[in-house]
Student: 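Okay, here's the structure, questions in a sec.
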Amino acid sequence: MSDGLFDQFKTWYEKRHDYARDWKARTGGQVVATMCTYTAEELLIAAGMLPVRVLGAHEPQNVTEPHIFGMFCPFCRDSLAQGLLGRFDYAEGVTLTQSCIQYRQTFGSWRMHVPTVKWDYYVPMPNDVQSPHARKAHYEELQSFRVFLQTLTGKTITDDMLRESLAVVDENRRLLRQLFDYRKDANPKVTGVEAVYASLTAQFIDKREHNEQLKKVLAALPARQVERKTGARFMTIGSENDDIAFMAMVESVGATIVIDDQCSGTRYFWNESKPETDVIKAIADRYCDRPACPTKDYPVHTRFDHVLGLAKDYDVQGAIFLQQKFCDPHEGDYPDLKRHLEANGIPTLFLEFDITNPIGPFRIRIEAFLETLSEEELF
C-alpha cells in the first residue's frame, strides 16, 4: 500500500542511528545498546536512557572472525560487526540479558573491543523460566541492575519512576497488539512489511514518541482502503529477522505475512505486565511470562501451542521457518514444532538464512510453496 501511513516507521527504521544521535543531543540522556528482547527496558527508561536494540546491517563483513567463530549465526556476527565498525558510536553502554551462549560471546566482544562503550552490564536471567525459583532469581537480578544504574547515574530510581516507565512500555505493547489485530481481517489492513517496521522501531525509538505515532496510525486504519490482494496467508517463525527485502519479496508474489513468532515481532511485545504492589516483581514476572524463546522453553515446550494458537487466530495457510544459519536453539526445536504445526493442518517451509544469501533462490522456493498450497486446495 502506498498511502504513506507507515512512512514514519520506515524512516525511523532506515535512519535509526541518526534518530539516536538526535535524541541524545535533544535530551542529554544516555543511549544504551541492548542485546536480546529479554532486556528489561523499563529500568533503562526510568533511568532516563534510550534503549536501542542492536540489529545487523545485512551486508557482508570481514571484521568479526578474530573475535568469534565463523560458525556462529549470522545475527551474532552481524551484530558484533556493527559495533566494531563504529555504527553504534553514540551508545555509552551495552547490556545483555542472557539468551543463547553464542550471543553472550558477541556481547563479550562488544564490551572488550568497541572503544566508545563506557560501561556494560550482563543480566544472568534464568533460562529455566518454568522453575519455581526463576521469578525470585530474576527479581533479584533486576534489583541488582537497578542498583547498578543508580550508582552509574548518581540518581535514585524510585518505584514511581519505574511504574511510570512500565506504564509507557505496557501501552506500547497494547498498541502494537491492536495494530496486529488488523492483520486478522480477511483483507488485512496492515501488511507484513508494515507490521515489522512498527514492531522493530519500538525497540529503538523513544517509547512515548512511538506510542503517539501508533495512535495516529490506529486512528486512520479503520478507513484505510485495501488495494492489494491478500493471497496466501503466511506466518514467519524464527529468531531475529528484520530482512525487509525478503518480506517485501514474499508479499510481491501472491502472499501476505499476517503474523509471526520472532523476537523482531510478537515475542517482543505480546504480553503486558500483571498488576503487582512491587513494581520490580511486575517487571521481572512479565519477562518470565512472555512467549518463550527456545532457549527458555523447557522442560515443557510451551511455545508450540502458542505458535499454533497464533496460526489459528490469524487464519494462517502456511508457516515459513526463517532459520538463522547455525542457530542452535531454533534448530533444536524446529523438527518438533514443524511436526506439531503440520499435524494440525499448517503446511511449513524451511529456509536457512545468511546475510550473504541472494533473494532469488528464496523467491523460487516461496513460489513453489505457493504452488503446492494451491494444489492442495484443489484436492
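FYI, side chains are in, hydrogens and waters are out, and symmetry mates aren't considered; it's all heavy atoms of this structure. Quick note: residue numbers are just sequence positions, from 1. In this text the structure is predicted, and so the values were computed from the model without any measurement.
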Student: When you look at Asp170 and Arg173, which way does the salt bridge (charged side-chain N to carboxylate O under 4.0 Å, His left out) test go after all the steps?
Tutor: CA-CA 5 Å; Asp170 271 343; Arg173 293 163 180 152; 2.8 Å; yes

Student: Arg290 side chain to Thr37 main-chain N or O, any donor-acceptor pair under 3.5 Å?
Tutor: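 A pair under 3.5 Å: yes.
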
Student: Between Arg208 and Glu212, is the closest basic N to carboxylate O distance under 4.0 Å?
Tutor: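 No salt bridge links Glu212 with Arg208.
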
Student: Test side-chain contact (heavy atoms from CB on, under 4.5 Å) on Leu310 and Met235; report intermediate values, then the result.
Tutor: CA-CA 9 Å; Leu310 289 177; Met235 176 184 202; 3.7 Å; yes

Student: Under the side-chain contact (heavy atoms from CB on, under 4.5 Å) rule, what do Trp270 and His306 come out as? Steps first, then yes or no, please.
Tutor: CA-CA 11 Å; Trp270 202 247; His306 170 71; 3.7 Å; yes

Student: Determine whether a donor-acceptor pair (N or O, by modelled atom type, separation under 3.5 Å) exists between the side chain of Lys189 and the backbone of Arg224.
Tutor: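 Checking the backbone N and O of Arg224 against the side chain of Lys189, a donor-acceptor pair under 3.5 Å is found.
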
Student: Val196 and side-chain contact (heavy atoms from CB on, under 4.5 Å): which single residue from Ile244, Asp243, Asp260 fits?
Tutor: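 Result: among Ile244, Asp243, Asp260, Ile244 is the only option passing the side-chain contact (heavy atoms from CB on, under 4.5 Å) with Val196.
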
Student: Taking atom NZ as the centre, does Lys24 end up with more than 12 heavy-atom neighbours from other residues, nucleotides or ligands that are less than 6.0 angstrom away?
Tutor: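 Correct, the count exceeds 12.
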
Student: Hey, is the main chain of Val63 close enough, under 3.5 Å, to the side chain of Gln61 for a donor-acceptor pair?
Tutor: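 Here the side-chain-to-backbone pair exists.
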
Student: Look at the aromatic rings of Phe350 and Tyr334 and report parallel, tilted or perpendicular, splitting at 30° and 60°.
Tutor: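 Tilted: the ring planes of Phe350 and Tyr334 meet at 30° to 60°.
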
Student: Return the minimal non-hydrogen interatomic distance between Leu179 and Ala198, and the atom names on each side.
Tutor: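 Reported closest heavy-atom pair: CD2-CB, 3.5 Å.
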
Student: Do you know the tightest heavy-atom contact between Arg228 and Thr191?
Tutor: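 Nearest heavy atoms, Arg228 then Thr191: CD-CG2, 3.8 Å.
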
Student: For the pair Phe6 and Tyr197, evaluate ring pair (Phe, Tyr, Trp, His ring centres under 6.0 Å) and give the outcome as yes or no after the intermediate values.
Tutor: CA-CA 8 Å; Phe6 285 79; Tyr197 277 138; 8.5 Å; no

Student: Give me the ring orientation class for Tyr287 and Tyr38: parallel if the planes are under 30° apart, tilted from 30 to 60°, perpendicular past 60°.
Tutor: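 Rings of Tyr287 and Tyr38: tilted, as their planes differ by 30° to 60°.
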
Student: Ignoring hydrogens and angles, tell me if any N or O in the side chain of Gln317 forms a donor-acceptor pair with the backbone of Arg233 under 3.5 Å.
Tutor: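 Side chain of Gln317 to backbone of Arg233, a donor-acceptor pair under 3.5 Å: yes, one is there.
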
Student: So, does Thr27 use its side chain to make a donor-acceptor pair with the main chain of Gly29 at under 3.5 Å?
Tutor: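 Side chain of Thr27 to backbone of Gly29: a pair is present.
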
Student: Take Arg87 and Glu59 through the test salt bridge (charged side-chain N to carboxylate O under 4.0 Å, His left out) and record every step on the way to the result.
Tutor: CA-CA 13 Å; Arg87 306 279 171 78; Glu59 59 188 18; 2.9 Å; yes

Student: For Asp128, what residues pass the salt bridge (Lys or Arg N to Asp or Glu O under 4.0 Å) criterion, not counting sequence neighbours?
Tutor: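 Asp128: no salt bridge (Lys or Arg N to Asp or Glu O under 4.0 Å) contacts found.
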
Student: Applying side-chain contact (heavy atoms from CB on, under 4.5 Å), run through Asp261 and Arg267 and close with a yes or a no.
Tutor: CA-CA 6 Å; Asp261 178 67; Arg267 285 206 304 273; 2.9 Å; yes

Student: Could you give the distance from SG (Cys263) to CD (Gln203), rounded to the nearest 0.5 Å?
Tutor: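 Reported to 0.5 Å precision, the distance equals 7.5 Å.
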
Student: Indicate the ring-plane relationship of Trp110 and Phe88, choosing parallel, tilted or perpendicular according to the 30° and 60° boundaries.
Tutor: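 Ring orientation of Trp110 relative to Phe88: perpendicular.
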
Student: Does the Arg77 side chain pair with the main chain of Phe72, one donor and one acceptor, at a distance under 3.5 Å?
Tutor: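 Yes.
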
Student: Under 3.5 Å, side chain of Gln82 to main-chain N/O of Gly56, donor-acceptor pair present?
Tutor: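 A pair under 3.5 Å: no.
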
Student: What heavy-atom pair brings Leu142 and Ile283 nearest, and what distance separates the two atoms?
Tutor: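 Shortest heavy-atom separation between Leu142 and Ile283 comes out as CD1-CG2, 3.8 Å.
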
Student: Measure across Asp159 and Arg146 and return the closest heavy-atom pair with its distance rounded to 0.1 Å.
Tutor: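 So the two residues come closest at OD1-NH2, 2.7 Å.
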
Student: To the closest 0.5 Å, what do you measure between CG (Leu50) and CD1 (Ile205)?
Tutor: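 With rounding to 0.5 Å, CG (Leu50) is 7.5 Å from CD1 (Ile205).
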
Student: Between Glu272 and Glu171, is there a donor-acceptor pair closer than 3.5 Å when you use the side chain of the first and the backbone of the second?
Tutor: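 No; judged by distance alone, with no hydrogens or angles, the pair does not exist.
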
Student: Below 30° counts as parallel, above 60° as perpendicular, anything between as tilted: where do the rings of Phe9 and Trp12 land?
Tutor: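 Aromatic pair Phe9/Trp12 classed perpendicular.
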
Student: Does Ile257 offer a backbone N or O that forms a donor-acceptor pair with the side chain of Glu251 under 3.5 Å?
Tutor: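 Yes, the answer is positive, given that a donor and an acceptor are paired below the 3.5 Å cut-off.
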
Student: Do the rings of His17 and Tyr90 sit parallel, tilted or perpendicular, given the 30° and 60° boundaries?
Tutor: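 It falls in the tilted class, 30° to 60°.
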
Student: List the atom of Asn211, the atom of Leu175, and the distance in Å for their closest heavy-atom pair.
Tutor: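 Here Asn211 and Leu175 meet closest at O-CD1, 3.7 Å.
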
Student: How about Phe69: does its CZ atom have over 12 heavy atoms from other parts shown lying under 6.0 Å from it?
Tutor: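 Counting other residues, nucleotides and ligands, CZ of Phe69 stays at 12 neighbours or fewer.
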
Student: Verify side-chain contact (heavy atoms from CB on, under 4.5 Å) between Val94 and Val32, making sure each step is shown before the conclusion.
Tutor: CA-CA 5 Å; Val94 60; Val32 184; 5.8 Å; no

Student: Should the pair Glu367-Arg363 be classified as a salt bridge under the 4.0 Å nitrogen-to-oxygen rule?
Tutor: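 Counted as a salt bridge, because a side-chain N and a carboxylate O are separated by less than 4.0 Å.
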
Student: With a 3.5 Å distance limit and no angle check, can you tell me whether Tyr314 reaches the backbone of Gly309 through a side-chain donor-acceptor pair?
Tutor: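 No; judged by distance alone, with no hydrogens or angles, the pair does not exist.
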
Student: Taking the six-membered ring for Trp, are Phe204 and Tyr13 parallel (under 30°), tilted (30 to 60°) or perpendicular (over 60°)?
Tutor: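 The arrangement is tilted - the two ring planes meet at 30° to 60°.
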
Student: Minimum heavy-atom separation for Leu308 and His340, please, with both atom names.
Tutor: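 In terms of heavy atoms, the two residues are closest at CD2-NE2, 3.8 Å.
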
